[in-house]
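The next block holds one structure in the form of C-alpha cells; read it before the comments.
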Amino acid sequence: MALTLKKVLISDEVDPKCVQILQANGVDVVKDTKLTKEQLIQEIPKYDGLIVRSATKVTADVIAAASNLKIIGRAGTGVDNIDCDAATKKGIIVMNTPGGNTLSAAELTCTMVCVLSRQVPQANDSLRAGRWDRKKFMGSEIFGKTLAIVGLGRIGKEVATRMQSFGMRTIGFDPIIPADVVAEFGVEWMSLEELWPLADYITVHTPLIPKTKNMINAEVFSKCKKGVKIINVARGGIVDEEALLEALNAGICGGAALDVFIQEPPKDFTLVQHPLVVSTPHLGANTTEAQSRVAEEIAQQFVDAMQGKSLFGALNAQALSNALSPATQPWVTLGEALGRLAASLAGEVNSNTQVQVITYGEYRMQCRLIEHRIARM
C-alpha cells in the first residue's frame with residue numbers, strides 16, 4: 001500500500017534538508033516559491049506530491065486541477081491554508097507535522113507572558129526614544145498568578161510545565177483530554193465557565209474551527225477578572241479583535257500579546273498600536289530549530305508513505321493509516337492474496353462486476369480492509 005511519489009513540488013520556503021531527504025530517496029523535487037495561484041493551477045498536474053508552509057493557499061481550484069496529486073504536506077501544524085474537504089473528496093491525503101513547532105510556539109507563549117507582566121517592549125521603546133520613565137512602567141510578578149490554558153495538547157502542556165517553574169498556578173480546559181491526564185503535568189482541568197473568573201492570564205492553543213472562532217469575546221471578558229491579560233500564539237480569529245480592543249480601552253483587559261491576527265498582515269493597525277498590546281508578525285514557528293525540524297519531518301513522512309511504513313501526520317486518511325500499522329499488515333497481505341485469487345477465478349471483469357464478502361469473527365475491521373483490497377483488484 002505504498003504511495004508512488006515520483007515528482008514533488010515545494011511551493012514555500014523550507015529548510016534544504018527537505019529537498020535533500022526526498023532526493024536521496026529517488027524523488028524528483030522542484031522548488032518554486034514564486035508561483036501565483038494561476039501558475040500553481042497550471043503546474044500542479046505534473047506532480048504527485050505538494051509541500052507547503054503557510055504562504056501557499058491550496059484552494060479547491062488548485063485541488064481540482066491536481067489530476068495526479070496523491071498527497072499534500074504542510075511543513076508545520078495548521079492546515080487552514082489547505083482545503084481539506086476538497087482534498088478528501090478527491091482522495092488526496094493531507095498531512096502535517098504535529099510536533100515540529102511545539103517547543104518554539106511554547107517558548108514564545110512563555111515569553112509573551114513575561115513581557116506582558118513587565119511591559120518590556122514599551123519600556124524598550126521609551127528608552128530608545130531618549131526617555132527614562134522608570135515610574136511609568138510598573139510591572140507585576142507572575143509568581144502566584146493563575147494562568148488559564150485553553151487547549152492542553154502538545155503546546156499547552158509545554159507552556160504549563162514551563163510556567164509552573166515561575167510559580168504560576170496552571171488551570172485549563174480541553175474538550176478531549178480528561179482531567180486525570182492533565183493532572184499528570186500539573187494542570188487543574190475545569191470548564192470554561194469555571195476558568196474565566198479565576199484567570200490572571202489566558203493563553204489559547206486550539207485550532208481555528210467554528211467552535212473556537214471568536215471564543216474570547218465580549219461575553220467572556222464580562223466574566224473575567226478586571227485586568228486579565230490575553231495571549232494568542234495559536235490562530236488569528238480565536239480572539240475577537242474588536243471585543244479585545246473595547247476591553248483594553250475600558251480597562252477590563254490589562255494587556256494582550258498577539259502573534260497572530262484575523263488578517264495577516266493586518267490592514268488596520270489600531271489594535272497592534274495600542275499601548276497595552278505586544279505584537280509580533282506570526283513568529284510562533286520562526287526559529288532555526290523548528291524550521292529545520294518540520295522540513296525534515298515532512299520529508300521523512302513522505303518517504304515513509306512511499307515505502308508503505310506509515311502515514312504519520314495524515315489528517316484525512318484514518319483508514320489508510322490503520323492499514324499501514326504493523327498489526328494490520330498480515331491482514332492486508334491476506335487481502336492482496338485473496339484479491340489476486342478472486343481475479344484469477346473470475347476471469348475478465350468490468351465496472352459492473354460486484355463482489356460480496358462475508359466476514360465472521362472478532363477481526364471485522366481487518367476483514368473490511370480485506371474486502372476493500374479485493375474490491376480494488
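As the structure is a computational prediction, the values presented were derived from the model and not from experiment. All residue numbers refer to positions in the sequence shown, counting from 1. Atom set for the values below is all heavy atoms of this structure, side chains included, hydrogens, waters and symmetry mates excluded.
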**Study point:** Pairwise salt bridge (charged side-chain N to carboxylate O under 4.0 Å, His left out) hits with a residue in residues 160-169, at least two apart
**Key:**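 As it turns out, the salt bridge (charged side-chain N to carboxylate O under 4.0 Å, His left out) pairs with a partner in residues 160-169, which skip direct neighbours, are E158-R162, R169-E188.
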
Point to revise | OG1 on T56 to CD on E13, rounded to 0.5 Å | key: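 E13 CD to T56 OG1: 10.5 Å, rounded to 0.5 Å.
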
Point to revise | Close side-chain approach of D200 and S140, heavy atoms under 4.5 Å | key: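 The answer is no; the side chains never approach within 4.5 Å.
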
Point to revise | Side chains of Q119 and K136 in contact at under 4.5 Å (non-hydrogen atoms) | key: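 In short, these two side chains do not touch, never coming nearer than 4.5 Å.
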
Review point. With distance as the sole criterion, is a donor-acceptor pair present between the side chains of S54 and N81 under 3.5 Å?
Key: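 Looking only at side-chain atoms, N81 and S54 do not form any donor-acceptor pair under 3.5 Å.
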
Check your understanding: After noting the C-alpha distance and the side-chain angles of D268 and T270, does the key distance pass the side chain to side chain donor-acceptor pair (under 3.5 Å) rule?
Key -> CA-CA 6 Å; D268 183 351; T270 305; 2.5 Å; yes

Is the side chain of [X] donor-acceptor paired with the backbone N or O of [Y] at a distance under 3.5 Å, no angle test?
X: T36; Y: Q39; value: yes
X: D85; Y: T88; value: no
X: S104; Y: N101; value: no
X: T97; Y: G76; value: yes
X: S126; Y: Q122; value: no

**Study point:** Pair D48 + K70, salt bridge at N-O below 4.0 Å
**Key:**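 Here D48 pairs with K70 in a salt bridge, since their nearest N and O are under 4.0 Å apart.
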
Check your understanding: Tell me the ring-ring contact (aromatic ring centres under 6.0 Å, His included) pairs involving residues 138-184, sequence neighbours left out?
Key ->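 Checked against ring-ring contact (aromatic ring centres under 6.0 Å, His included) - neighbours excluded - the pairs reaching residues 138-184 are F173-W189.
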
Review point. Where do V52 and S11 come nearest, in terms of heavy atoms and distance?
Key: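 Heavy atoms of V52 and S11 come nearest at CG1-OG, 3.3 Å.
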
Point to revise | Taking every non-hydrogen atom, the tightest pair across G49 and L5 | key: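 Heavy atoms only, the tightest pair is N-CD2, 4.5 Å.
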
